Amino acid sequence: MDFIRQIVAEDMKTGKWNGRVHTRFPPEPNGYLHIGHAKSICLNYGIAAEFGGKFNLRFDDTNPAKEEQEYVDSIIADVKWLGAQWEDRLFYASDYFHQMYDGAIELIKKGLAYVCDLTADQTRQYRGTLTEPGQNSPYRDRSVEENLDLFTRMKNGEFPDGSKTLKAKIDMVNPNINLRDPVMYRILHAGHHRQGDEWCVYPMYDWAHGIEDSIEGITHSICTLEFENHRPLYDWFLEQLEWYHPQQIEFARLNLTYTVMSKRKLLQLVKEKHVSGWDDPRMPTICGLRRRGFSPEAIRQFCKVIGVNKFNSTVDYALLEHCLRDHLNATSPRVMAVLNPLRVVITNYPDGQVEEMNAVNNPEDAAAGTRKVPFSGTLYIERDDFMEEPPKKFFRLAPGREVRLRYAYFVTCTDVVKNAAGEITELHCTYDPATRGGDAPDGRKVKATLHWVSAEHALDAEVRLYEQLFTKENPDEVEEGKTFLDNLNPDSLSIIKGCKVEPSLKDTKPLDRWQFERMGYFCTDYDSTANKLVFNKTVGLKDTWAKIQSKER
RNA sequence: UGGGGUAUAGUGUAACGGUAGCACGACUGACUCUGGAUCAGUUAGUUGGGGUUCGAAUCCCUAUACCCCAGCCA
């Protein structure tokens with residue numbers, strides 16, 4: 001059990017919150033959610049679910065300059081897709097603006113907040129530095145009446161942006177800089193995506209967040225490590241207000257190898273078109289992973305196994321892939337698809353004959369049933385499954401060698417047909433009619449089983465292959481003068497056209513997940529239509545042959 | 001140089017004064033109509049130095065390293 005669940009369990013035992021558990025996920029709608037957010041969602045929702053508590057989805061929309069409805073919509077869709085349930089508790093911080101305003105008036109009346117006329121620049125100077133104390137603002141000792149009057153007029157829009165702020169009167173020499181009279185409100189004559197033009201002052205995070213949690217009756221306010229320095233402020237505001245006071249707990253955010261997670265950088269990748277959009281299958285965004293073919297179960301399992309801690313760490317991307325394969329293996333229907341087709345003619349197969357072969361849909365799941373796959377005298381197999389001069393450990397097809405065509409027949413390669421340039425254009429094989437279905441009655445064995453499609457029945461498809469978006473485990477590790485963009489992998493996307501897939505894929509819909517036998521897991525793309533099938537490679541199967549090859553190289 | 005945090009195999013984590021365990025990865029092998037899956041096994045760790053204790057990853061001292069904080073962002 002992680003340290004946060006231990007705290008919650010202990011609180012349940014002592015009755016600290018009267019047996020309640022109430023968590024929340026509070027995204028700012030200024031970007032798309034990514035796998036790091038999934039960690040937080042799974043943590044917060046998971047704790048609520050496990051302890052019989054409640055979970056809120058709340059938009060922390062206190063900065064109209066950066067926030068948009070588009071992000072709100074995507075976040076709702078992503079949290080829902082991940083499986084977290086908030087029932088009727090979808091909230092917006094901006095709906096609490098009146099309560100925040102009232103709270104500010106209260107603090108002014110207690111002499112704990114004041115209107116300050118210092119500019120942003122001056123505020124910075126008065127704050128001091130990490131090692132030097134700050135100085136009191138000359139406006140710090142205004143009377144309650146004057147503060148009330150000025151703050152009201154700030155709210156009414158009488159002053160221009162940046163001309164005044166409301167600050168908490170705490171301690172300008174505190175070693176924790178966050179406590180040196182932090183700004184509670186700034187003037188922003190900006191329309192809010194939900195509140196319209198009602199407000200000319202907007203609350204800052206430190207002031208707003210505790211109030212939001214307090215209003216919603218949150219018990220455990222779980223956030224990331226960088227807010228640890230802010231906890232004294234979170235506590236201070238709620239103590240002075242004497243409002244209901246949740247406990248803030250911080251945990252380490254997720255880092256993943258070969259991945260950038262900062263909103264700024266993800267936004268840059270999108271804006272500068274290094275990727276096709278927020279849902280580019282190479283992006284670590286939830287919508288990107290979804291389009292890539294990830295399942296919510298796989299992401300949830302990943303969030304479970306990485307654990308929760310207070311120290312920074314970087315999780316190996318291979319662990320994510322492991323969780324992915326694990327779930328996809330159990331659930332994905334198998335299908336045969338030839339990505340790089342090589343034509344095969346079965347020379348002794350009766351002219352014009354077509355047979356329907358029985359194929360298992362998912363050997364991991366008997367309930368998935370079987371299907372028929374058409375077989376004929378002209379087929380396609382994978383080019384990589386044939387070698388004219390096979391090295392020792394290559395078990396697949398080669399001249400004179402017999403292999404099995406999955407669910408069909410044993411075939412033996414008799415001839416290699418080449419064009420003028422010496423490239424292999426076609427293979428001639430013979431088949432053994434006695435091996436129909438894939439088993440030899442005489443018990444003889446073959447070392448390989450190949451996937452195939454019937455040339456006449458196959459559907460054309462485009463397949464998009466992906467590699468890591470970055471070439472370095474840590475994309476932010478760069479030489480002087482370079483940026484993470486210099487670590488972009490130029491080969492992260494390759495598009496293969498002219499792939500041949502079995503006819504059962506005819507009616508596939510976007511987001512359908514498949515295993516292309518022996519190739520990997522694939523997901524039907526949004527771009528796919530009945531006339532033009534398009535698949536994304538989610539992740540390859542573990543490939544021992546590829547490993548042998550790369551070792552010998 | 002101020003304050004707040006954190007250090008366990010290659011990676012992610014557990015052990016809460018009592019045999020350092022699990023997972024991923026890597027490597028062997030078995031099995032297999034997916035070179036998948038499955039199964040069996042191997043590999044490798046408590047940041048350094050002191051102390052307390054019968055006994056320390058755990059408690060104390062000390063050193064070191066890393067992360068966060070000087071937005072009218074969250």
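In the text below, chain A, chain B and the rest are named by the order of the sequence lines, each starting its count at 1. Everything quoted here is computed from the prediction, not taken from an experiment.
- Residue contacts for Ser313(A): at a heavy-atom cut-off of 4.0 Å it reaches the sugar-phosphate backbone alone, with no base atom in range.
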Could you check Thr165(A) against Ile187(A) for side-chain contact (heavy atoms from CB on, under 4.5 Å), going step by step and ending with a plain yes or no? CA-CA 7 Å; Thr165(A) 56; Ile187(A) 299 173; over 6 Å; no

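- Using atom C1' as the reference point in both G17(B) and C59(B), the two lie 8 Å apart (nearest Å).
- The side-chain heavy atoms of Pro246(A) and Tyr234(A), taken from C-beta on, include a pair separated by under 4.5 Å.
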Collect all protein-nucleotide pairs involving nucleotides 4-9 of chain B in which both atoms are nitrogen or oxygen and the distance is under 3.5 Å.
| from | atom 1 | to | atom 2 | distance (Å) |
| --- | --- | --- | --- | --- |
| G5(B) | O2' | Glu228(A) | OE1 | 3.2 |

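- Dashed line: the shortest gap from a side-chain N or O of Arg396(A) to OP1 or OP2 of U34(B) is not under 4.0 Å.
- Contact between the side-chain N/O atoms of Thr62(A) and the OP1/OP2 oxygens of A74(B) is found at a separation under 4.0 Å.
- Taking the P atoms as reference points, U46(B) lies 16 Å from A7(B), given to the whole Å.
- As rounded to the nearest Å, A15(B) and U58(B) have C1' atoms that lie 9 Å from one another.
- We find that CD1 of Ile177(A) is positioned 12 Å from P of G3(B), with the value rounded to whole Å.
- A gap of 12 Å separates the C1' atoms of A9(B) and A26(B), to the nearest Å.
- Across all strands, Tyr126(A) comes closer than 4.0 Å to no nucleic acid atom at all (heavy-atom distances).
- For the pair Arg186(A) and C73(B), the criterion of a side-chain N or O lying under 4.0 Å from OP1 or OP2 is met.
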Do nucleotides 22-27 of chain B as a string where each nucleotide becomes B, S or -: B if the base has a protein heavy atom under 4.0 Å, S if just the sugar-phosphate does, - if no protein is that close. --SSSS

